[in-house]
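Read the structure below first, then the notes.
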Amino acid sequence: MSGEDAPAEQQNAVDQKQETKPVEEPKVEAPKTEPAPAAAAAAAAAATADDEAAATPAATTEKVPEEETFTYRALVLTGYGGYDKVKLQVKKGKPALKAGEVLVRVKACGLNFADLMARQGLYDRLPSPPVTPGMECSGVVEAVGEEVTDRKVGDKVMVINRFGLWQEVAAVPATHTFLIPEGMGFEEAAALPVNYITAYMMLFDFGNLRPNQSVLIHAAAGGVGIAATQLCNTVKDVTVFGTASASKHETISQGGVTHPIDYRTKDYVEEVRKISPKGMDIILDPLGGSDTHKAYNLLKPMGKLITYGTSNMLAGQKKNLLAVAKNWYHQFSIHTLSLIQGNKSVCGFHLGYLDGEMELITQAMNIILDLYKQGKVKPRIDSTWHLEQVGDAMRKMQERNNIGKVILTTEPMPEEEKKEEPKKEDKKEDKKKDEKKKDDKKKDDGKKEEKKDDKKKEEPKKEEKKEEKKEEEKKEEPNKEEK
């Protein structure tokens, strides 16, 4: 009989006993060495215990199932808006496994730009809140469901899924997991799936990248940008143009970007034309809006534009309706005749809509893992954050301050760090106040300069008036003489 079945049957037996005759005290025989008073006390204690057991029979036999006592922490998107909308919560109950699924004890999770857009309600592959985001993670298989033959408890795996991976345990289809190669840590494993599958399928499945071609990679210091650069370097004599802020140029150059371009201070179209007047063979466009138009016009004949995002929509913590409207207004549209006459192609890629094509994804992943084992690709980790710090992690990525992948770890934050967090927040507030004071000072200085300039401008006018007055006085002098 199982532990779950026992309580109910024992309860019925006790109920029948109570209906037929009163509870009898058991006869307790004292050991030969035990004195009579001790034996009496033992008998009394046994009788009391038996009475209590009779009064509450279920309490001694019921066991709370593990599924009910099981708890785990999860990040939950509670509504659309700023960083504070993603909250760390404790969930109760062990996730139930369906046939073909495995339960993974998550060690690390990847943060993607799609997660930032989802927080603002701009990503339609995430169900409505409350919901746990997260498209990739790494961890250890803790349980295996029926019909799973190629995974076992203890396997170290990386996982890709539509959502639901920013938590300590996750039930996922076994086909969505990939064995972690030897030598690869959990953080690297969490950084690999989304970025490298995206970059690989765009460059090789759509782009058909070949030797001596040129590629323009926007956001070259981001997760997809670094993955795409490394993959380009696996093909002979590929010239990589990469846009990034000036402070990141040294890093992306070392990573394989041939021509880094500071998009903040220069027109990247002009910079590309200076070096490659004919344009590009392949352009990867995560920006959308007017930048997609620019990309299309930058293509060589037989060139390929692969658009895979609309990051221009993301402006600020909350949804910026002006940015969204502007992006849609400038949305790229083209007639098929123009494509024919221009000998160009336009492709669209969205990994989130390929969740039903795991064979394709698995093929790409196997090639990527082989390249990793050969030392040709390796994820770059920018920073690792505890689940409690998810707001700071999102802020870093949204403000484009990362070089490489931003990772979340499920390891609980040490108490010392928790105590330091409010101090950090205070420092941030002080920094904001100082910046505001500086801005105000600049504005005041600017106003003072303007006043000085106005004063300087007035000085010549005063001089002119004085000269005019002198001239008038001179003219009046002869008239006075005549009088």
> Does a side-chain N-to-carboxylate-O contact under 4.0 Å join Asp382 and Lys396?
Replying inline: yes
> If you measure from CZ on Arg400 to NZ on Lys248, what distance do you get to the nearest 0.5 Å?
Replying inline: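 The distance works out to 9.0 Å.
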> In Å, rounded to the nearest 0.5 Å, how long is the span from NE2 of His386 to OG1 of Thr410?
Replying inline: 10.0 Å
Donor-acceptor contact below 3.5 Å, side chain [X] vs main chain [Y]:
X: His259; Y: Gly242; value: no
X: Glu168; Y: Arg73; value: yes
X: Thr258; Y: Phe241; value: no
X: Gln167; Y: Gly164; value: yes

> Given the rule in the salt bridge (charged side-chain N to carboxylate O under 4.0 Å, His left out) test, do Lys405 and Glu136 qualify, once you have shown the distances and angles that lead to the verdict?
Replying inline: CA-CA 12 Å; Lys405 193 75 173 181; Glu136 62 189 340; 2.6 Å; yes
>> Please determine whether salt bridge (charged side-chain N to carboxylate O under 4.0 Å, His left out) holds for the pair Glu271 and Lys274, giving the CA-CA distance in whole Å, both sets of side-chain angles, and the decisive distance to 0.1 Å.
In response: CA-CA 5 Å; Glu271 294 302 306; Lys274 283 178 190 174; 3.1 Å; yes
[X] to [Y] - nearest heavy-atom pair and separation:
X: Gly110; Y: Asp115; value: O-OD2, 4.0 Å
X: Ala191; Y: Tyr196; value: O-CD1, 4.3 Å
X: Lys304; Y: Ser345; value: CG-OG, 3.2 Å
X: Arg380; Y: Ile403; value: NE-O, 3.2 Å

Can a donor-acceptor pair be found between the side chains of [X] and [Y] at a distance below 3.5 Å?
X: Thr409; Y: Glu187; answer: no
X: Thr265; Y: Asp262; answer: yes
X: Arg119; Y: Gln398; answer: yes

> How far apart are the C-alpha atoms of Tyr372 and Met184, what are their side-chain angles, what is the distance that settles it, and do they pass the side chain to side chain contact (heavy atoms under 4.5 Å, CB included) test?
Replying inline: CA-CA 9 Å; Tyr372 176 86; Met184 181 186 279; 3.5 Å; yes
>> Is it the case that the ring center of His218 lies less than 6.0 angstrom away from the ring center of Tyr308?
In response: no
>> Check for me whether the distance between the ring centres of Tyr200 and Phe204 falls short of 6.0 Å.
In response: yes
>> Tell me whether the rings of Tyr123 and His350 are parallel (<30°), tilted (30 to 60°) or perpendicular (>60°).
In response: parallel
> Under the salt bridge (charged side-chain N to carboxylate O under 4.0 Å, His left out) criterion, do Asp355 and Arg125 qualify, and how do the steps go?
Replying inline: CA-CA 10 Å; Asp355 54 346; Arg125 295 302 283 161; 3.1 Å; yes
>> Is there a side-chain contact between Lys344 and Ser338 in this structure, where contact means two heavy atoms from C-beta onward sitting under 4.5 Å apart?
In response: no
>> Counting C-beta onward and ignoring hydrogens, is there a side-chain heavy-atom pair between Val140 and Asp155 closer than 4.5 Å?
In response: no
> Checking Lys85 against Tyr80: charged group under 6.0 Å from the ring centre and within 45 degrees of the axis?
Replying inline: no
